[in-house]
Amino acid sequence: MQVWSWQGFFDYLLNPFLLEGALTTLWLTAASLAAGLVLGIGLALMRLSGNRALSGAAGFYCWIFRGTPLLVQLLIIYTGLPLFGLRFSVVQAALLGLSLNEAAYLSETVRAGILSVAKGQREAALALGLRRVQAFRLVVWPQALRIIIPPLGNSVNGLLKTTSVASVISMEELLRRTQILIQERFLVLELFVVAAIYYLLMTSAWDFVQRRLERRYGRGYGTEAADRR
């Protein structure tokens, strides 16, 4: 009984069908992250607001989406909501589910970053005549960003792998296309190893980008800046 086929492994290592699946994983990650970050910032600001209704609504949202599995959320969106007349295509359901779920986690990251900025920074900006929006955009947000970037980068890394959950609703990202090829050729281990290599390459590439971002936004706050003083 043949356990491993090198020929099968190398045949699919640069398979166009799998490469398209990897590209789908990449754009699904980027789109979900962008939508989740916009919604997450809004949720964070709602939770930090003095309005109890807004803060409570944002807290309830985070409680729901952080407390239930993404898999369950995707199944409800794709198979449950049509019972109430809300129908989504596979792509729409995957984007919606991933974005809503990611927003709940990113909102906590953003909120923590904003809270890390000393209250005196905001008060000093207001004392200089800046409006609240200007004080947030010019003073608070740039300082919060250096705190947000590291966990945000980790979220991207996690989201790259989490997109594989969308395969349960037949979203043809990398894992789903791997499963399709397995059904055709029965090269289970070989194809899963190829998929793992693809995921490793994508997460490693993002790790390089993340390090560059951390160095850029952490400039002036690290040990090098202290040494120059």
Side-chain angles (χ1 to χ4, degrees), residues 1-37 39-40 65-82 87-106 151-213:
M1 178 180 177
Q2 187 176 11
V3 178
W4 176 268
S5 170
W6 283 107
Q7 182 64 44
F9 171 76
F10 286 114
D11 283 347
Y12 287 103
L13 194 57
L14 295 175
N15 183 272
F17 188 68
L18 288 181
L19 287 172
E20 288 177 6
L23 289 175
T24 299
T25 293
L26 287 173
W27 74 251
L28 186 59
T29 299
S32 301
L33 178 72
L37 185 57
L39 182 56
F65 281 92
R66 284 164 58 92
T68 56
L70 173 60
L71 176 60
V72 173
Q73 295 165 19
L74 284 173
L75 290 174
I76 289 175
I77 291 171
Y78 187 63
T79 63
L81 293 185
R87 297 184 180 277
F88 299 98
S89 66
V90 171
V91 175
Q92 291 171 336
L95 277 173
L96 183 60
L98 288 168
S99 299
L100 293 176
N101 181 269
E102 194 67 15
Y105 289 92
L106 291 179
L152 178 62
N154 292 334
S155 294
V156 175
N157 196 309
L159 186 57
L160 267 168
K161 294 171 285 187
T162 303
T163 54
S164 60
V165 177
S167 63
V168 298
I169 59 171
S170 301
M171 179 68 189
E172 287 198 14
E173 40 66 67
L174 178 57
L175 180 60
R176 176 59 180 170
R177 291 201 168 201
T178 301
Q179 293 170 332
I180 291 173
L181 290 177
I182 287 174
Q183 293 171 2
E184 294 177 356
R185 291 288 304 274
F186 302 104
L187 297 172
V188 179
L189 183 58
E190 293 85 349
L191 280 162
F192 276 136
V193 169
V194 169
I197 290 172
Y198 280 26
Y199 281 115
L200 278 172
L201 289 173
M202 289 188 289
T203 54
S204 297
W206 172 252
D207 183 62
F208 174 77
V209 174
Q210 181 181 349
R211 291 178 186 275
R212 295 289 295 267
L213 288 172

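All heavy atoms count here, side chains included; hydrogens, waters and symmetry mates do not.
Taking a 6.0 Å sphere around CZ of R211, one finds it holds 12 or fewer heavy atoms contributed by other residues, nucleotides or ligands.
When all heavy atoms of Y199 and S164 are compared, the pair lying nearest together is OH-CB, 3.5 Å. Residues I169 and A94 come closest through the heavy atom pair CD1-N, 3.9 Å. Closest of all the heavy-atom pairs between S5 and L187 is CB-CD2, 4.2 Å. Listed here is the closest heavy atom pair of I77 and G97: CD1-CA, 3.5 Å.
Here the CG-CG distance, from L213 to L152, works out to 8.5 Å after rounding to the nearest 0.5 Å. Distance CG/L100 to CG/L74: 9.5 Å, rounded to 0.5 Å. The distance from the CG atom of N157 to the OG1 atom of T162 is 9.5 Å, given to the nearest 0.5 Å. For the atom pair CG (N101) and OG (S32), the distance works out to 9.5 Å, reported to the nearest 0.5 Å. Here the CG-CG distance, from L159 to L33, works out to 6.5 Å after rounding to the nearest 0.5 Å. Taking CE of M171 as the reference point, atom OG of S89 lies at 8.5 Å (rounded to 0.5 Å).
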Legend entry - Candidate pair L26 and L160, rule side-chain contact (heavy atoms from CB on, under 4.5 Å), full reasoning: CA-CA 7 Å; L26 287 173; L160 267 168; 3.8 Å; yes
Legend entry - Stepwise side-chain contact (heavy atoms from CB on, under 4.5 Å) check, F65 with Q73: CA-CA 8 Å; F65 281 92; Q73 295 165 19; 3.3 Å; yes
Inset, instruction - Could you walk me through whether L191 and L18 pass side-chain contact (heavy atoms from CB on, under 4.5 Å), step by step? - result: CA-CA 10 Å; L191 280 162; L18 288 181; 4.1 Å; yes
Inset, instruction - Carefully, step by step, assess Y78 and V90 under the rule side-chain contact (heavy atoms from CB on, under 4.5 Å). - result: CA-CA 7 Å; Y78 187 63; V90 171; 3.3 Å; yes
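Side-chain atoms of S99 never come within 3.5 Å of backbone atoms of L96 as a donor-acceptor pair (strictly under, hydrogens ignored). For Q179 (side chain) and I182 (main-chain N/O), no donor-acceptor pair under 3.5 Å exists by modelled atom type. A donor-acceptor contact shorter than 3.5 Å links the side chain of Y198 to the backbone of L13.
The one candidate from L174, D207, I197, T29 that meets the side chain to side chain contact (heavy atoms under 4.5 Å, CB included) condition with M202 is L174. Screening T24, T25, L175 against T163 for a side chain to side chain contact (heavy atoms under 4.5 Å, CB included) leaves a single residue, T25.
A heavy-atom distance below 4.5 Å is found between the side chains of W27 and L95. Two residues are said to be in side-chain contact when any heavy atoms from C-beta on lie closer than 4.5 Å; L39 and E102 fail this criterion.
Ring geometry, F9 versus W6: the interplanar angle exceeds 60°, so the pair is classed perpendicular (tilted spans 30 to 60°).
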